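One structure below.
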Amino acid sequence: MMEDNYLDGLNIVQRQAATHTEGPVLVVAGPGSGKTRVLTYRVAHLLEKGVKPWEILMLTFTNKAAKEMKERIHKVVGPSADKVWAGTFHSIFSKILRVEAEKIGYPSNFTVYDTEDSKGLLGSIIKEMNLDKQVYSINSVLSRISSAKSNIIPPTRYAENEELLQQDKLSKRPLLYKIYANYVTRCKRAGVMDFDDLLYRLYELWHKNPDGVLDKYRAKFKYVLVDEFQDTNFLQYKIVQKLVKYEGSPCNVCVVGDDAQSIYAFRGANIQNILDFEADFKTNGIQIFKLEQNYRSTDHIVQAANELITFNMRQIPKTIRSEKGVGQRIRLIKALTDTEEGKRVADAILEQKNRYHLGNKDIAILFRTNAQSRIFEEYLRRYNISYKLVGGTSFYQRKEVKDLIAYLRLAVNPKDEEALRRVINHPKRSIGDTSVDKIAEIAEQQQVTLWEALPLANLGGKTQSSLNDFIRLIQSFVKKATDTNAYEAASFVATESKLTSLMKLDTTPEGVDRLDNLNSLLDGIKEFVESDLEEAIEVNDKSLASYLQNIALVTSLDESKSGDDSVTLMSVHAAKGLEFASVFVVGMEEDLFPSFMSKDNAEGLDEERRLFYVAITRAEAFLTLTYAASRYKNGKMRYLEASRFLEEISAAHYDTDLALKSKSSEIASNFNVATPTRASVQGNFKKKPTSAVPAIDPSTFVPSPSDQIEVGHKVLHLIFGEGSVKNIDGQRDKRVATIVFPHLDEPEKRIMLKFAKLHIVEH
DNA sequence: GTTGGTATCTGTGGA
DNA sequence: AGATACCAAC
């Protein structure tokens, strides 16, 4: 065997986690602890043991992660790696549903709605129900529906659930349950699944188990692995459970996650899953492995992250240790404006490149919101530093691309209402809103789709003949899509829809760009048709339907090409799982990071803190945090305070020049400044900010030695004010105190005594 | 129905 | 700042 060979690179715990293949396994893996290695070698080990690749199911959160994992397994075991079922929850389930959809009343060529489509449909429904769109805002309705699906509550049960109905009444949206029911009916009638449906309908399929379909998949997937388990929602967890937990099951399921890196609660992810997993599989002999050794970052970074996360309430206790020595301290840059922030970051990048011989690809700029990228792009361009922007608007989300795709979607499934609405009057053919409204009304009366209502419409005159032309046009597309391959069909659609000729009329630079994009889309389809790279788990189907399925779940993250030497610009969310020698986390300001949206509740704030934790733990050697005192927002200059998170890392980890001399007073004073603007803008529904505690003058504050602090002491904290020590756990310099600050919204804080600045008021 | 103008509002993350 | 909403004139 070559086992010793490929397992050599693992430490003891990693090796145990990788080779303990039978029965349920939970791997709690801190940042940089070799989680991906463990998963890779675990799969390699299974294959070495003779498990067939198609018996292994590995679920990840991004296509990128899945692809990377496959490539790494390939390196160890060769081409059999390609036949492992590895992909995102959404893409794997979508593949299964293509095969099984008819068992639950969907066509096998169902359309996938993206968020924009879902919002469009909800907009129509709200309008048709004559509801106030201010009150029934699409975003809140959609998130409500999404969360119902993620918690496996179908419309019928929603309508009977007193608690949910009460919540909707309180938020002045008592009819939400009806919108939900309508939305689900309309999706199903149109042969459409939204992102949540890809999970929900698979659950439904397995739950109803027609023709023993569940047993088929239980028998097929003998080993199940889930990456980033902390980001799964209830529904995803239940699906995994359906697959592996049943009478007589070997429960060969391995989940890997880090509660401290859970950053998708906004999408319904539930950290509780990771805690429940342990309880749920206790009787099946669950094994838990904790990877606490950090191989990525130097000690100041690791310790700063450790300190930061103790400010959160719930967590699995673990101590991450660095392997790489003390390293550099964190550098803090305060700029006066957002523009200056951009310049100083570009300056610092130049300096680091010269001083430490870093390549562009070793450097990343991470921000909380994608909108922040522009200034950095400008300065990097000006300094001639090559960069790549990851995320943002995907190619497939550009207007002109979506337009053609809408026609293609119609060609495959003319019942697709959102696609129909998008193109029925584009290019202009005099079928305007009033006509569409009339057709929609007929559709509603007859309980049919828009497409089926088209021939029933009686619009008269020019509009009617133009409508008839449109119907014939789409029918010809449908025929083409069934008769020919994706490329032939798409070329036909592009010309016959007149989209190309319309675009050729626009000779502005932007117009030329748009035409280019359209042609790249067609090139992409051609490539799809001509590619022989038959992926193991895919049928070699070159139809338009197959192409659309392929691109439905492609995100902007998947499009960035690697290999070139560029500075990476991306959101913190997008950076999860990645690492860079030097990381700049920019925009460290209150209301930006933490985001103002998340500040009114403790969970939201904790999630932002975990997000910041993810951000700083991306750095291997150099970490720079920047903030600006003012920046433009909605066309207006706004003044900002430094982020509270900066204070939650002790001064010991900041660069001495900047930190010890000026930092503590500078940041602390930023904290306690009154902010009348924020209070008055948001005062009507936000609680008072937690930072509104009695101000303490940092220059006269004298911390007591940490080893003198004991349970029962009354202490003074620079930021939190007065509190009493409730409990202390850990030994010596790892002691963590639970301190109650009664005047705070979240009175209980866990503070690492080694770094805390606490003054004993009373023994 | 279309076009082109002005007023108004919005305010994260991403499969 | 940028998108969307709304309105008046063709």
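No experiment lies behind these values; they were computed from the predicted model shown. Below, read A as the first sequence line, B as the second, and so on, with proteins coming before strands; counting in each chain starts at 1.
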*Of Ala574(A) and Ser435(A), whose closest DNA chain B nucleotide lies nearer the 5' terminus?*
Ser435(A)

*Assign Asn425(A) to base, sugar-phosphate, or nothing according to its heavy-atom contacts below 4.0 angstrom with the strands shown.*
sugar-phosphate

*Using a distance-only test with no angle check, is there a side-chain donor-acceptor pair under 3.5 angstrom linking Glu400(A) and Asn517(A)?*
yes

*Establish, from distance only, whether the side-chain atoms of Ser598(A) and Glu608(A) form a donor-acceptor pair under 3.5 Å.*
yes

*Compare the minimum distances between each of dA15(B), dG14(B), dG11(B) and the side chain of Asn634(A), then state the nucleotide with the smallest one.*
dG11(B)

*Do the side-chain N or O atoms of Lys64(A) get closer than 4.0 angstrom to the phosphate oxygens (OP1, OP2) of dA15(B)?*
no

*Any residue of residues 366-376 of chain A with a heavy atom less than 4.0 Å from an atom of DNA chain B*: Arg368(A), Thr369(A), Asn370(A)

*Arg429(A) with Asp469(A): basic N within carboxylate O range, under 4.0 Å*: no

*Starting from C1' on dG14(B), measure out to NE2 on His90(A) and report it in whole angstrom.*
10 Å

*Grab the NZ-C1' distance between Lys399(A) and dT4(C) for me, whole Å please.*
12 Å

*If you look at every strand shown and take non-hydrogen atoms under 4.0 Å, does Lys633(A) touch a base, only sugar-phosphate, or nothing?*
base

*Measure the distance between the ring centre of Tyr632(A) and the centre of the six-membered base ring of dA1(C), then answer whether it is under 5.5 Å with planes under 30°.*
no

*Can you check the Tyr264(A) OH to dT12(B) P distance for me, whole Å?*
16 Å

*Tell me what Ser430(A) touches on the nucleic acid: a base, only sugar-phosphate, or nothing, going by heavy atoms under 4.0 Å.*
sugar-phosphate

_Side chains of Ser546(A) and Gln549(A) only: does a donor on one sit below 3.5 Å from an acceptor on the other?_
no

_Whole-Å distance separating the CG atom of Asn233(A) from the C1' atom of dG14(B)_ = 13 Å

*Phe311(A) ring centre to Arg609(A) NZ or CZ under 6.0 Å, with the angle to the axis within 45°?*
no

*How are the rings of Phe61(A) and Tyr264(A) set to each other: parallel, tilted or perpendicular (split at 30° and 60°)?*
parallel

*Write down the distance between OH (Tyr113(A)) and P (dA15(B)), rounded to a whole number of angstrom.*
21 Å

*asked:* What's Phe61(A) touching, base or sugar-phosphate or nothing? Going by heavy atoms closer than 4.0 Å.
replied: sugar-phosphate

Please table the atom pairs, donor to acceptor, closer than 3.5 Å between any side-chain atom in residues 112-124 of chain A and protein atoms at least two apart or in another chain.
unit_1    : atom_1 : unit_2    : atom_2 : d
Tyr113(A) : OH     : Asp416(A) : OD1    : 3.4
Tyr113(A) : OH     : Glu417(A) : N      : 3.4
Tyr113(A) : OH     : Glu418(A) : N      : 3.1
Asp114(A) : OD1    : Glu116(A) : N      : 3.1
Asp114(A) : OD1    : Asp117(A) : N      : 2.9
Asp114(A) : OD2    : Lys402(A) : NZ     : 2.7
Glu116(A) : OE1    : Lys402(A) : NZ     : 3.3
Glu116(A) : OE2    : Arg422(A) : NH1    : 3.4
Asp117(A) : OD2    : Asp114(A) : N      : 3.1
Asp117(A) : OD2    : Arg409(A) : NH1    : 3.0
Asp117(A) : OD2    : Arg409(A) : NH2    : 3.4
Ser118(A) : OG     : Asp114(A) : O      : 3.4
Ser118(A) : OG     : Tyr183(A) : OH     : 3.1
Lys119(A) : NZ     : Asn139(A) : OD1    : 3.0
Ser124(A) : OG     : Gly120(A) : O      : 3.0

*Say you pick atom C1' in dA5(C) and the same atom in dT12(B); how far apart are they, in whole Å?*
24 Å

*Between Ile431(A) and Arg267(A), name the one whose nearest nucleotide on DNA chain B is closer to the 5' end.*
Ile431(A)

*Just checking, is any N or O donor in the side chain of Tyr106(A) or Arg201(A) under 3.5 Å from an acceptor N or O on the other one?*
yes

_Closest nucleotide among dG11(B), dA15(B), dG14(B) to the Asn139(A) side chain_ = dG11(B)

*Describe the nucleic acid contact of Ser91(A) in one word from base, sugar-phosphate, nothing, applying a heavy-atom distance below 4.0 Å.*
nothing

_Lys/Arg N to Asp/Glu carboxylate O, Asp259(A) vs Arg610(A), below 4.0 Å_ = no

*Please state how far atom CZ in Phe596(A) lies from atom C1' in dT10(B), giving the value in whole angstrom units.*
9 Å

*Taking atom P of dA1(C) as reference, at what distance in whole Å does atom CZ of Arg638(A) sit?*
12 Å

*asked:* Let me check I have this right: for DNA chain C, each base becomes ., (, ), [, ] or |, based on Watson-Crick or G-U pairs with both distances under 3.5 Å. What is the full string?
replied: ||||||||||

*Return the minimal non-hydrogen interatomic distance between Leu592(A) and Gly587(A), and the atom names on each side.*
CD2-O, 3.6 Å

